[in-house]
Amino acid sequence: MKVAEIVIKILEKEGITDAFGIPGAGINPVYKYLGLSGIKHYCTRHEEAAVHAADGYYRACGKMAAALCTSGPGATNFVTGIYTANIDSIPLIAITGQAVTSQLGKDAFQCVDIAKICEPVAKAAFCVTKADEIIEIMQKSFHLAKSGKPGPILIDLPLDVQMAEIEFEIDQYQPLTVTNPQPDINIIRQAIAMINQAHNPTIIMGGGVILANAAKECVQFAELLQIPVITTYMAKGGIPVNHRLNAGHAGIQVGQPIGNAVFCESDLIIGIGCRFTDRHTGNINAYKGNRKFIHINVEPKEIGKIFEPDLGIVADAKYALEALLTIARTEGKQHDLARIEALQTLRTELKRKTDYDCVPIKPHRVYEELNKFFKSDAMFTTGCGLNQIWSGQLQDIDEPRLYLPSGGAGTLGFDIPAAFGAKIANPAKHAVAVMGDFGFTFLVEELAVAATYHVPVIVVIVNNGYLSLIRQNQKYAYGFEHAVEMDVNQGVMDYVKVAEGFACAGERVFKPEDIEGALARAAQSKTPYVIDIVCEKDTDCSMGPAVDCIKEFV
């Protein structure tokens, strides 16, 4: 059997049902058998978008997809997508074509060492130079992608390897079993003892809890001991907005006043499936303070990477939470209910204002309308900019896998293809890309893909005619403004015509009372729909250098 056919048969055996990519001379042998398989293929308009689509697909449903492209610049266009997936721990299989093995390292046409390029930004990368290695590498790739801290795997396939014949029986192929680490029960008992001794313990639910499908167990553990739950940006939706233990987000950008207040008055933090990265912590000394930390993570290298916790537990988040629940039922202590009652008042008192009626539209009003209209009927993607930070601060998400942001990379262009992939994975929900006017022009051609396949994604543009995050950084960090104003985006640039040119529909909104109607028309549309909302240009976004030093803007 040809290696190209083996690759497709293994993809099917490993459970891949959907793939995103662009055929090319360097990968055409694989595409021949892809066309004969049961895998549904979606042809994107840019290679980077193929990876973002596979990424969004996994975030939406927890099932892996594949991304495929040709060699050379096609392969290098994969790099940003692979980096975006890797830093957010999203598993996928990325397959690239390559020149024949005899041309490797000889500057042949469209021949680049993509495996070497991707090594720092992928969980693993392989160039298959011997045909008989393909089975082991494919098997290993799927196992690596799903085990421990998940991530994307790149497999580079030279043309002669794709065309080589080797012995293979698909019925004899078995996926490797993923076995993530179980916690040491004695260390779990230590954790419960520390929690019992604390006066104001707080749980931080990280994105690893969502990836482990353990949000329910995390909330149950919090309920058992009556501990407030702060969610990181990547865990948004892990606990319902109005749950009495929900303490919002903490952090210096996408944090919320309630989350930072609860964090700052805590004397013990139980971080589960989180990484304590800079966007969350800000000034690390202010973040650590005099409080103690328990850190639970599936990846040993994550524990102590930023700072040494008082107790580190290497375990899959679900296994750890199950063990914590078991021990807490007999050894745990319920905490002060007065603190939880006070949390209900704080939720109202510290809520940021969103019900602005002004024209131009205050960006905050856009997120209020999104909350009111979609509730839990939509998945949201977002890439980077003040639009993303406002989204994290202001959007209400009640369920896991409905909020699908580019968190660690902040990738402009992620939004639309990720929404497309999410909608393929979960067609029962609306898929809404929330983005800025500048970011809209990154990978905007993927609207044509959505239209071609009749996938009605919705794009909401928070159009403030600025590179607003960069403007704010220039203004407050350096005292200048240059090359960030984009008046044309609210004027001669017509994003509705752009949408129509890609066989989509769209409209521009100028008044806050018109947003709801536009969302309704988009939701009812059978085609992709762009809503360009013209907003106030110079609104600043609340943020600061430390969790105890956030500058609030209105």
Side-chain angles (χ1 to χ4, degrees), residues 18 20 42 48-65 67 80-92 150-152 205-213 215 231-239 241 249 254 273 279 367 370-371 374-385 387-436 439 442-443 446 450 455-460 462 528:
D18 295 278
F20 307 87
Y42 299 89
E48 180 185 333
V51 186
H52 291 327
D55 180 333
Y57 181 101
Y58 182 85
R59 293 181 198 239
C61 72
K63 180 172 170 286
M64 285 174 60
T80 298
I82 289 170
Y83 158 56
T84 301
N86 193 48
I87 199 165
D88 286 347
S89 304
I90 304 301
L92 57 87
M205 181 196 297
V209 174
I210 307 300
L211 292 171
N213 296 314
T231 51
T232 67
Y233 184 50
M234 299 308 296
K236 194 174 181 71
I239 181 170
V241 172
H249 300 316
V254 292
R279 201 179 194 192
Y367 301 99
L370 289 171
N371 291 338
F374 286 109
K375 297 182 172 60
S376 293
D377 293 331
M379 304 171 288
F380 295 93
T381 63
T382 183
C384 195
N387 63 90
Q388 186 208 38
I389 300 172
W390 279 317
S391 171
Q393 292 177 350
L394 304 174
Q395 281 198 254
D396 293 339
I397 307 293
D398 277 329
E399 299 173 18
R401 299 194 183 277
L402 294 185
Y403 194 71
L404 321 173
S406 170
T411 303
L412 290 173
F414 170 83
D415 333 59
I416 296 174
F420 175 77
K423 182 69 172 174
I424 297 299
N426 189 358
K429 300 282 188 183
H430 294 293
V432 185
V434 182
M435 58 202 315
F442 284 63
L443 299 181
E446 300 310 306
V455 177
V457 299
I458 299 168
V459 176
V460 174
V462 182

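For the single chain, residues carry numbers from 1 onward in sequence order. A quick note: this is a predicted structure, and the numbers were derived from the prediction, not measured.
The two atoms that bring Arg401 and Asn213 nearest to each other are NH2-OD1, 3.3 Å, heavy atoms only. The two residues Ala235 and Gly207 have their closest heavy-atom pair at CB-N, 4.0 Å. Residue Pro417 comes nearest to Leu443 through the heavy atom pair CG-CD1, 4.1 Å, listed as atom of the first residue, atom of the second, then distance. When all heavy atoms are compared, the tightest approach of Gly151 to Asn86 is CA-OD1, 4.1 Å. In plain terms, the two heavy atoms of Ala215 and Gly238 that are nearest each other are CB-O, 3.5 Å. Between Gly392 and Tyr233, the closest heavy-atom pair is CA-CE1, 3.6 Å.
Residue Ile239 holds its CD1 atom at 10.0 Å from CG of Asp398, rounded to the nearest 0.5 Å. In this structure, Leu412 CG and Asn387 CG are separated by 8.0 Å, a value rounded to the nearest 0.5 Å. Rounded to the nearest 0.5 Å, atoms NZ (Lys236) and OG1 (Thr231) are 6.5 Å apart. Here the CG-CD1 distance, from Leu211 to Ile90, works out to 5.5 Å after rounding to the nearest 0.5 Å. Taking CZ of Arg59 as the start and OG of Ser406 as the end, the distance is 6.5 Å to the nearest 0.5 Å. To the nearest 0.5 Å, atoms CG (Asp55) and CD1 (Ile82) are separated by 11.0 Å.
With hydrogens and angles left out, the side-chain atoms of Tyr403 and Thr381 include no donor and acceptor closer than 3.5 Å.
Side-chain contact between Val460 and Ile458 is present, with at least one heavy-atom pair separated by less than 4.5 Å. Between Val462 and Met435, the closest side-chain pair of non-hydrogen atoms is not below 4.5 Å. Under the 4.5 Å side-chain criterion, counting only non-hydrogen atoms from C-beta, Phe380 is in contact with Ile397. With a 4.5 Å cut-off on side-chain heavy atoms, Pro405 and Met234 count as touching.
With respect to the salt-bridge test (charged N to carboxylate O, under 4.0 angstrom), the residues Lys375 and Asp396 do not qualify.
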Exercise. Which is it for Asp415 and Val434 under the side chain to side chain contact (heavy atoms under 4.5 Å, CB included) test, yes or no, and what are the steps along the way?
Worked result: CA-CA 7 Å; Asp415 333 59; Val434 182; over 6 Å; no

For this session: Give the C-alpha distance, both sets of side-chain angles, the deciding distance and a yes or no for side chain to side chain donor-acceptor pair (under 3.5 Å) between Thr411 and Thr84.
Result: CA-CA 7 Å; Thr411 303; Thr84 301; 2.7 Å; yes

Exercise. Is there a side chain to side chain contact (heavy atoms under 4.5 Å, CB included) between Val432 and Met379 once you walk through the steps?
Worked result: CA-CA 6 Å; Val432 185; Met379 304 171 288; over 6 Å; no

Problem set entry | Stepwise side chain to side chain contact (heavy atoms under 4.5 Å, CB included) check, Leu370 with Gln395 | CA-CA 7 Å; Leu370 289 171; Gln395 281 198 254; 4.2 Å; yes

For this session: Check the pair Phe414, Phe442 against ring-ring contact (aromatic ring centres under 6.0 Å, His included), reporting the backbone distance first and the verdict last.
Result: CA-CA 8 Å; Phe414 170 83; Phe442 284 63; over 10 Å; no

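Ring pair Tyr42/Phe20 is parallel by interplanar angle, where below 30° counts as parallel and above 60° as perpendicular.
For Arg279, the side chain to side chain donor-acceptor pair (under 3.5 Å) partners are Gln253, Gln388, not counting sequence neighbours. When the ring-ring contact (aromatic ring centres under 6.0 Å, His included) test is applied to Tyr58, no partner is found at least two apart in sequence or on another chain.
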Extract all donor-acceptor atom pairs below 3.5 Å that involve side chains of residues 419-430 and protein atoms in other chains or at least two apart in sequence.
from	atom 1	to	atom 2	distance (Å)
Lys423	NZ	Pro427	O	3.0
Lys423	NZ	Lys429	O	2.8
Lys429	NZ	Ser376	O	2.6

